[in-house]
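Report on the structure given below.
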Amino acid sequence: MSVEIGQLLPREAYLSAPDQVAPMLLGKLLVRRLRGQMLLGRIVETEAYFGINDPAAHAFSGRTARTEVLYGPPGHAYVYTIYGMHACLNVSCEPEGLAGCVLIRALEPVEGLAEMAMHRGLHEPTLLTSGPGRLCQALGITRAGFNGVDLTSADSEVQIRGDGWAPAEIAITPRIGVNKAAERMLRFTVAGHACVSKGRYWKPPL
DNA sequence: AAGCGGATCGTCT
DNA sequence: GACGATCCGCTTG
């Protein structure tokens with residue numbers, strides 16, 4: 001048995017509204033078990049998406065086959081394909097019946113960097129997992145393999161754990177790449193961290 | 001340093 | 001039939 005890192009986040013951690021869960025997840029560890037090895041990254045950037053109140057959210061237009069996991073119990077992976085080629089990882093939150101999720105946008109790669117570099121086809125550490133599509137590629141997370149997976153189970157190949165580390169300062173900005181509800185301050189980052197995604201759509205103030 | 005467009009396809013109108 | 005919660009490479013200044 002491999003030595004486990006930190007403590008698995010319980011389902012109750014995801015019961016709150018997404019704008020509460022998103023900052024809470026900063027500093028937590030995203031753990032991917034793959035072919036007997038462990039790929040590990042610290043979450044440094046998240047975004048909150050609500051349900052029917054949030055025009056930018058997939059759940060906005062109601063319950064469909066695609067958004068089913070968003071309406072299910074909290075703590076499960078919602079993985080979708082964007083622009084036909086990239087996977088993005090979300091964690092469902094709020095009680096069953098209410099849609100809401102947190103998009104994991106960037107990690108600081110901690111362990112398994114060589115394997116991540118293989119998946120990504122490059123080795124610059126700040127480019128391995130700094131973006132929602134990038135981190136899924138680095139960790140080998142696909143929609144087919146992981147949509148609906150329980151992230152709170154010790155048996156899952158993707159888990160979220162806490163080791164007690166928390167950011168000294170959190171910076172809050174508008175969400176990246178959304179055209180609707182673009183003014184809402186729902187993106188949370190570890191202030192000043194080198195692995196936060198740059199994003200072509202948002203510039204830091206002066 | 002910043003801006004553009006292409007790749008590529010599931011989902012919803 | 002259009003449009004993305006993106007990424008990358010190429011162009012321009």
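What you see is a predicted model, and the numbers here were worked out from it, not measured in a lab. In what follows, chains carry the letters A, B, and so on, assigned in the order in which the sequence lines appear, proteins first and then strands, with residues in each chain numbered from 1.
Scanning residues 121-147 of chain A for heavy-atom distances under 4.0 Å to DNA chain B yields A:R143. DNA chain C lies under 4.0 Å from no heavy atom of any residue of residues 18-28 of chain A. Taking a 4.0 Å limit (strictly below) on heavy-atom distances, residues 90-112 of chain A reaches DNA chain C at A:N90, A:C101, A:L103, A:R105.
Atom CD of A:Q37 is surrounded by more than 12 heavy atoms from other residues, nucleotides or ligands within 6.0 Å. At most 12 non-hydrogen atoms from other residues, nucleotides or ligands lie less than 6.0 angstrom from CE of A:M118.
Under a hydrophobic-cluster definition in which Ile, Leu, Val, Met, Phe, Trp and Tyr are linked whenever side-chain heavy atoms come within less than 4.5 Å, directly or via other members, A:I52 and A:V178 are assigned to the same cluster. Note: the hydrophobic cluster containing A:M85 does not contain A:L122 (ILVMFWY, side chain heavy atoms under 4.5 Å, direct or indirect links).
For A:Q137 and A:H86, the side-chain atoms include no donor-acceptor pair closer than 3.5 Å.
Protein atom CD of A:E45 is 13 Å distant from nucleotide atom C1' of C:dT6, rounded to whole Å. Between A:E47 atom CD and C:dT6 atom P there is a gap of 8 Å when expressed in whole angstrom units. When rounded to the nearest whole Å, the span between OH of A:Y80 and C1' of C:dC3 equals 14 Å. Distance A:F60 CZ to C:dC3 C1': 16 Å, rounded to the nearest Å. The separation between A:R66 atom CZ and B:dT13 atom P is 10 Å, rounded to whole Å. Between the NE2 atom of A:H119 and the P atom of C:dC7 there is a distance of 17 Å, rounded to whole Å.
For the strand DNA chain C, secondary-structure stems (runs of at least three Watson-Crick or G-U pairs, all distances below 3.5 Å) span B:1-7 with C:6-12, B:9-12 with C:1-4.
For A:R120 and C:dC8, the shortest distance from a side-chain N or O to OP1 or OP2 is below 4.0 Å. For A:H58 and B:dT11, the shortest distance from a side-chain N or O to OP1 or OP2 is not below 4.0 Å.
Of all heavy-atom pairs between A:S197 and A:A106, the closest is N-CB, 4.1 Å. Nearest heavy-atom pair, A:V21 versus A:A13, reported as atom, atom and distance to 0.1 Å: CG2-O, 3.9 Å. Across A:P174 and A:A182, no two heavy atoms sit closer than the pair CB-O, 3.4 Å.
When heavy atoms are screened at a 4.0 angstrom cut-off, A:S61 is found touching no nucleic acid atom at all.
With sequence neighbours excluded, the residues satisfying ring-ring contact (aromatic ring centres under 6.0 Å, His included) with A:Y78 are A:H58, A:Y80. A:D19 is linked by a salt bridge (charged side-chain N to carboxylate O under 4.0 Å, His left out) to nothing, counting only residues two or more places apart in sequence or in another chain. A:R42 meets the salt bridge (charged side-chain N to carboxylate O under 4.0 Å, His left out) test with A:D163; sequence neighbours excluded. In this view, A:E157 and A:R32 satisfy the salt bridge (charged side-chain N to carboxylate O under 4.0 Å, His left out) rule, not counting sequence neighbours. Contacts of A:E115 classified as salt bridge (charged side-chain N to carboxylate O under 4.0 Å, His left out), with partners at least two apart in sequence or in another chain: A:R35.
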Tabulate protein N/O versus nucleotide N/O from nucleotides 10-12 of chain C, keeping only pairs under 3.5 Å, one per line.
none

Between protein and nucleotides 7-9 of chain B, what N or O pairs are separated by less than 3.5 Å?
unit_1 : atom_1 : unit_2 : atom_2 : d
B:dT8  : O2     : A:Y83  : O      : 2.4

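Side chain of A:R134 to backbone of A:S130: a donor-acceptor contact under 3.5 angstrom is found. Side chain of A:Q159 to main chain of A:A154: a donor-acceptor pair is present (N/O by atom type, distance under 3.5 Å, no hydrogens or angles).
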Inset, instruction - Report the C-alpha distance between A:V102 and A:E47 in whole Å, list the side-chain angles of each, state the deciding distance to 0.1 Å, and finish with yes or no for side chain to side chain contact (heavy atoms under 4.5 Å, CB included). - result: CA-CA 6 Å; A:V102 174; A:E47 281 176 0; over 6 Å; no

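Considering A:V44, A:T173, A:L26 as possible partners of A:F188, the one that fulfils the side chain to side chain contact (heavy atoms under 4.5 Å, CB included) test is A:L26.
Set against B:dT11, C:dT6, C:dA5, the side chain of A:I176 has C:dT6 as its closest nucleotide.
Hydrophobic side-chain contacts under 4.5 Å tie A:L186 into a cluster, directly or through other members, with A:F50.
In this structure, A:K180 does not pair ionically with A:D54, as no charged nitrogen and carboxylate oxygen lie closer than 4.0 Å.
C:dA5 has A:Y49 stacked on its base ring, the centres lying under 5.5 angstrom apart and the planes within 30 degrees of parallel.
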